[in-house]
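Below you'll find the structure, written out as C-alpha cells, and then a few comments.
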Amino acid sequence: MEKTPLTTKIQLPLRAVAWAMASLALLWDVLFSGGLWAAMLGAITGVFFGTRLSRSPLRLIAIVFLLAAAFLLSWVFSSLLVRYSFPASMLGAARTLWLSAFLRYFVSSCAVVSLLRSLSLRRPALHALELSLLVACFVALFAAHRDGVIARPLWLGDWAWRQGIDPAVVFLWLGGAFCSLLIWLSLVETRSLKKESPASRLTWVLVPVLVALAVYLLRSVGLPTPKTDDPLGLTKDDDREHYGSEASAAKQNQEKPNQQDPKKEQGGTPSKPEDQTNGAKPQDTNQNGGAKPDPNGTPVKPNDGQANNTGGTPAQPQPDSNGNTPAQPQDANGQGNRPDNTPQNPEQGGGQPDKPSESQQGSGSASQPDSNGGGSSNQPSSQETQQNQDSQEPDLNNQDSNSQQSPSPMAVIILGDDYSPPNEVYYFRQEVWSEFSGTRLVSTSRADADQDGLSTFPTGPTSLPAAPPQGRTLVHGKVALLVEHKKPFALETPTFVEPIPNPDRSRFLGAYRFESMAQTIDYKELIGKKAGDPLWPEELQDYYTRAPEDPRYKVLALSLLERLPKERRNDPFLKALAVKEYLDENMSYSTKDRHAGVDDPTADFLFGDRIGYCVHMAHAAVFLLRSLHVPARISTGYAIPEEQRQGSTILLRSNNAHAWPEVYLEGVGWVIVDITPRTNLDPPGEPLDRDLQRMLGEMARQEPADPHAKEREGGSAGLGAMLSFGLSSLLIAALLLLYAAKIWRRLAPRFSSPRELPRVGYRTALDLLSEAGLSRQFGETREAFARRLGTFPSLRKLTRLHLSARLGDPKKSEGAAFSKAEWQESLRALRAELSTNTKPWRRWLGLFYPLSFFNSR
Amino acid sequence: MNIELEPKEITESAPIEQAMTFEGALSVVNRLRARLRSQVLGRDEVIDLLIIALLADGHVLLEDYPGSGKTTLAKALGDCLIDDKPEDQIAAIRRIQFTPDLLPSDVTGSTIFDPNTNQFYFRPGPIFAHILLADEINRTSPKVQSALLEAMAEKQTTVDNVTRRLDDLFFVIATQNPLDAAGTFPLPSAQLDRFLFKIKMTHIDRAAELQVLASIKTRREGAPKELPKVTRTEIIEARKVVEDQVHLAYEIREALVDLAEKTRSDERVLQGVSTRSLVLAVPALQARALCEERDFVSSEDIEALASRIFSHRLEVAPGAESAEEIIKECCKAPLERLSRSTLTRR
C-alpha cells in the first residue's frame, strides 16, 4: 500500500491519534470514562485493523459486511449482557455494566474506524469521507462554541477559568492543534511529503508554526462578539421594543434639548419673554420627535404614560419610525405634542396664544412653515432619535416585555467596599429629573441644581461637588458596560468618576470607576432633619418644590398628613414616609397600564385607576411631596436588591431599570424614598443567572482566581504579542527573501559570465520545471531526468550543454556550452514546451510558490 | 616450419600514419554496432556492452541459457574484424568448449616433436586469437580455468616455461550456464574479477524473436556486404582514443570512490568493491561515453555500468537480495551528490 516507509511510519500513528481524539470529542458528553477509553482504544485499533484489513485479499463489500456485522453483534451482545441477570450475578452489576459499555463502544468504534480506513485505502476518493467525518467529530464538540460564546464543553471552560485563562484562547489553540494535525494527515496522505526533500522537513515544522501564528493573529484581530440569540445574552439587543426605545429616546431628548440643543439650535429662545413656552417648545419638539413620551412638553402631568403609549401602539408614530423616515418626525411631533400642549398651554398661560410656536409643535403638518425655530428643532429630533436607537438606556417602561423575554444584562458593577444600603437596595443613579415642565419632571436646565448628576462619560478623573458627609460613607466601585449607555451611572451620590481600561474588549464596551458617598444613616435617624439646604437660594428652594397647580395633589397630600401625630406633621421625612406609605398601600404596580394618551398621566394614575409603574409612582410621590413644600426630585437609573449581589459583583439587567423619588434633608443630602407598592400585577421576572453573574464579574474584575495567573497572563500576553509580531515580520521577511532569490535565479542567466552560464542557465531551467511540479528525484541522474520528461526535448539539450561544461574537459571553455545565445534560445524553447505541456494554473501556482526552487536540484 | 611466435612480433603493430581522432573512434563503434545488430537481433544492450568491453580492453562473462545467441554474437564479432596483420597467424576468432576433461594445453597450445626436423615446435592453442569464445567456462577444472585466466589478465601465456605474448586485442567472451550446476567448478570471485562485465542475458522480446525466425536465411549468409568492417588496428587505436580523449572529471572519480565506500559499509555486503575494479571501471566508463558520442564521462555512465561492473565482484551476505539491487541502491547517494555538484560553483 504505502510506497515509502516514512508515510506508513508517521501516517498510522497520526491517524490513530486523530481518530482517538475524534472519538473522545464525539462521545465526551455521552459516556463515562470507561466507555470513553473503550471508544478511544477502539478507534486506535480500528486504524491499524482497517489498514490491515484493506491489504487483505477480502473484497471491499465483504469487509463492509464483516464490520457491519461486528458492529451489530457488539450492540446485541452488550445489551444481552445487561438484560439477563446471570452475567450480573457472576461479575457483579457494576462490572457487567462497565463490561457491556466497554464492549459496545470498543467494538463499534473499532468497526466504524476500520470501515472508514479500509474504504479510504481501497478507494482513495473515499478518503475525503474519512477526513470530513474526522473533522465533523471535532466540530460537533465545539459547535456550541461558535461566535465566541463560551459554552461547551463546560469542563474545559471551567478549567480554563480556574487557571485564569480565557476559554476562548484554549479553544482557539485546541482548534489550531487539530488543524495542524489535519494538514499533516492530508499531506502525508497525498504523499506530498517525501523523506529526502528538505522542503518537506520544513513543512512539518512550518505547518504548526503557521497555525500558531494564525491563532495569534486571530486573537489580536479580535474574536467575534456573541450574537443576540446566544444563550447568555451577553450582547446588545437589536430588538428595540425590548428596550423600550421610546423611553430612552424620550430621556435623551429631554436631556439633550435641555442642555445643549436649545442653546445651539434655538439660539435666542431662552431669552424670550415667554420663556416658559418657548423654553418648552424646543424641548417638546425634540423629545416628542424622539418619542413623544414624556416629559418636558407637557406641564403638569407626567407624561410618560402617554409616551409609552405612543411608543407602544402602532397607530401613533413612533420613535423608530421617526428615525427611519424623515417625514415622520413632524407627524410624530404633531400628534405627540398636541395632547400635551393643549392642556399645558392654558395652564402655562403662554400656551394657546403662542400659536406660531405652539402650532409647530402641536400640529405636525402645519408646523413646518411656521417658524424656523420649529423647523430647526424638528431636524435634530429625528437625528437624535436615530442616535437613541443605537444606545441602550435603563428602561423604565419596558417591564412588560420582561414577562416574555428574559432581561438582558446591561452592566456589571464591582463594589470595592463592603457596603450595605439601609433599605437593602442599591440605587445606581444615572439621571436626575427635577425641573417641572408642565406635566412632568425633566432634567434641569439650571446650573446650580442637581450638581450631583453625571451628564457625560468621564474622559479623565472627574470630581463632583461633595455630598454632605453626614450619614454617608465612601464607596468605591467599578462599572463595566455590556451595552451602550448614553450617560454614566454610579452608586447614588457619586463624587468622583474616572475612566479605566476595558477589562475585556470582547465582552465590555467600556469601563469606569466611581467613588460615591452612599447613604448609611438609618431611615429612623432621618426623622427630625430639616428639609432643604439653608445654603440654597430662594429660587432653588422654589425650583425643587414646584408642583403642578392641580389642587387635588395638595388636598391629597394634606389628607395624608392627618395620619401623622400632630406634633410631627411638620417633619419633612415623616411627610415623605406618609406619602410613601400611602402610595405603597394604595397603588398597584403594573407595566401594562401606561396611562398613555391622556393629558396628565400622573393625575390619571394617582386619581384614576392607581395602577402604574415606577415613573408614575415617582412622579406622584414627588408632586405630593412638593405640594407639601418638601424639596423632592426623581432619579432614574438602576435599582437592585442587595440579595442579588454576589460577593462584590452586581449584575444590572434591563429589568433593573428604575425611577425613584428623592427628598433633600439638611446635612444628609438627597435621600431616596422609594415607592414599593404592595400589589404587583405583573408576573414575577426571570430569576438572576448566578453563573452568568459570577462569570461576568470575573471578567470585569480581571482578577483571575490564581494570583499568579495574572502575572503569567500579563507576561504571556505581552510575550504573545511580541512573538506574533516577531513571527509575522520574520515570516514576511523570509517570504520576501525567498521571492527575491527566486527572481534572481530566474534572471541570472542574462547577467552571468560565459564561464558560469552552464551552471546558472541550467539552474533556471530546473527552476522553471520545478515550478510546474517537475523535479529530479533522489539519485536520478540528470540525463535520466531529462529522458523522463520526454515532452521537453530542449531539456535534453540543456542537460547535455550543462554536463559537458561541468564534467567535460575543463581546458575547453569554448563552444556551445558557453554561448549565451545558445542557452537563451534553449531556455526560450523550454518555456514554450512548458506552456504547451503543463496546465496554466499549475504554472501560476508555481510562480507564486516561494519555495519552488527548493525542489530544483 | 617454425611458427613460434615471438612476443616482439606480436606486439608490434602496423605503423600509424596519423593518430586516430575522436570521430574516428566513433566510427569504429558505429561500424561494429551496425554489423553486430544486423546479425544478432534483440540484443542491442548486450552488443553495446560488448563493444564497451572491447574498447575498454576488458573481458565479458555471459551468463546465459543455451541457445540464446552467445556463439552467434561471438562469431558476429569475429566477422567484423579484418585481420590487417595476417603474418602473425592469429585467428580472428576461436571457440573452446570447456569440458571437465579439458587440459590446459588444449587451451594454450603445446610443444610438439616434429620427427622430420627432430625438433620440438610450439603449436599455439585456441587462445591465440583476437576473440576467444570460452563456452561453459564453469564446466572445466580449475587448472584449465586458471590457465585461461592468466592469459586474460596478463595477455600472455606460459607453455613449457616459455612465456608468449598474446595479441593486444585479446578479447574473451566466456559463457556459463546458470542451470545444470551439478559437476561444475564455479569461478571463484578472484577469477570473476578478471571479467569486466558479467552480463545476464534475458530472453529477447517477442518482436525480436519473430524477426529472428524470419531472417534465418539472410543471417546465415553473414552480415550484409555493404556494412563496413573494422580492422584490428583500428580497435587498438580506438582504445587509445578512449583513454586519452574522453575526459574523466574529478566529480566522477569521486562518485566512484563514494560508491565503493558505500558498498564496503553496506551491511548486506561481505566484501565490497575493490580498488582494482574501480581501476577497471574507468576505461569502461570512458568507452561508454564514446559509445554515447560524448567526450566526457557522465553520471549516466556510472548508472548504466555500475551494476554490470561491480555486481559480480560483490560478496553478498547470505539471505540478502541480489547484488544488482544493492549496487543500484548504493549508487543513489553518490549519484545524487554528483548531480548536485554540477550545480554548485566550482
Side-chain angles (χ1 to χ4, degrees), chain A residues 4-5 194-198 745 748-749 752-767 769-770 775-788 796-818 853-857, chain B residues 21-22 45 241-256 258-259 262-263 266 282 285-286 288-307 324-346:
Chain A
T4 63
K194 300 240 166 53
K195 192 160 92 189
E196 296 84 13
S197 111
R745 285 167 69 114
S752 83
S753 69
R755 187 105 201 102
E756 291 295 317
L757 198 57
R759 180 176 68 87
V760 171
Y762 194 63
R763 193 177 64 189
T764 306
L766 289 182
D767 282 358
L769 288 168
S770 75
S775 59
R776 192 174 60 84
Q777 281 167 359
F778 181 83
E780 195 177 21
T781 59
R782 300 215 175 280
E783 292 96 335
F785 174 54
R787 265 199 309 277
R788 181 156 65 85
R796 284 201 200 189
K797 186 178 167 196
L798 286 165
T799 308
R800 189 71 184 249
L801 289 177
H802 168 70
L803 287 177
S804 71
R806 298 295 296 190
L807 294 178
D809 195 344
K811 275 169 253 162
K812 295 186 215 162
S813 57
E814 307 283 297
F818 298 99
F853 63 82
F854 275 88
N855 282 330
S856 63
R857 290 170 289 190
Chain B
T21 58
F22 186 80
E45 200 193 348
V241 169
V242 164
E243 204 177 346
D244 296 340
Q245 296 189 28
V246 178
H247 182 72
L248 187 76
Y250 173 75
E251 288 90 343
I252 300 283
R253 294 193 296 258
E254 215 177 22
L256 283 175
D258 284 350
L259 171 60
K262 198 100 185 165
T263 61
D266 198 304
V282 168
L285 294 174
Q286 286 171 316
R288 184 172 189 278
L290 173 69
C291 291
E292 299 291 318
E293 306 175 28
R294 248 187 286 113
D295 63 351
F296 61 93
V297 178
S298 174
S299 51
E300 192 187 24
D301 302 325
I302 298 181
E303 191 189 32
L305 294 186
S307 67
E324 279 90 352
E325 289 301 312
I326 294 174
I327 293 286
K328 265 181 193 156
E329 270 175 46
C330 290
C331 271
K332 282 204 168 176
L335 283 181
E336 180 67 23
R337 190 172 159 204
L338 169 62
S339 293
R340 290 195 180 202
S341 73
T342 64
L343 271 188
T344 55
R345 199 182 290 269
R346 255 185 200 149

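Naming convention: chains lettered A, B, ... in sequence-line order (proteins, then strands); numbering from 1 in each chain.
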Answer yes or no: is there an ion pair linking B/Arg337 with B/Glu254, defined by an N-O contact shorter than 4.0 Å? yes
Got a donor-acceptor contact below 3.5 angstrom from the A/Arg776 side chain to the A/Phe785 backbone? no
Residue set satisfying side-chain contact (heavy atoms from CB on, under 4.5 Å) with B/Glu243, at least two apart, ordered chain then number -> none
With a strict 4.5 Å heavy-atom criterion, list every residue of residues 292-304 of chain B that contacts chain A, or say none. B/Glu292, B/Glu293, B/Arg294, B/Asp295, B/Phe296, B/Val297, B/Ser298, B/Ser299, B/Glu300, B/Glu303
If you measure from the Lys or Arg side-chain nitrogens to the Asp or Glu carboxylate oxygens, is any gap between A/Arg787 and A/Glu783 under 4.0 Å? no
Could you walk me through whether B/Lys328 and B/Glu324 pass the salt bridge (Lys or Arg N to Asp or Glu O under 4.0 Å) test, one step at a time? CA-CA 6 Å; B/Lys328 265 181 193 156; B/Glu324 279 90 352; over 6 Å; no
Distance (rounded to the nearest 0.5 Å) between A/Arg788 CZ and A/Gln777 CD: 4.5 Å
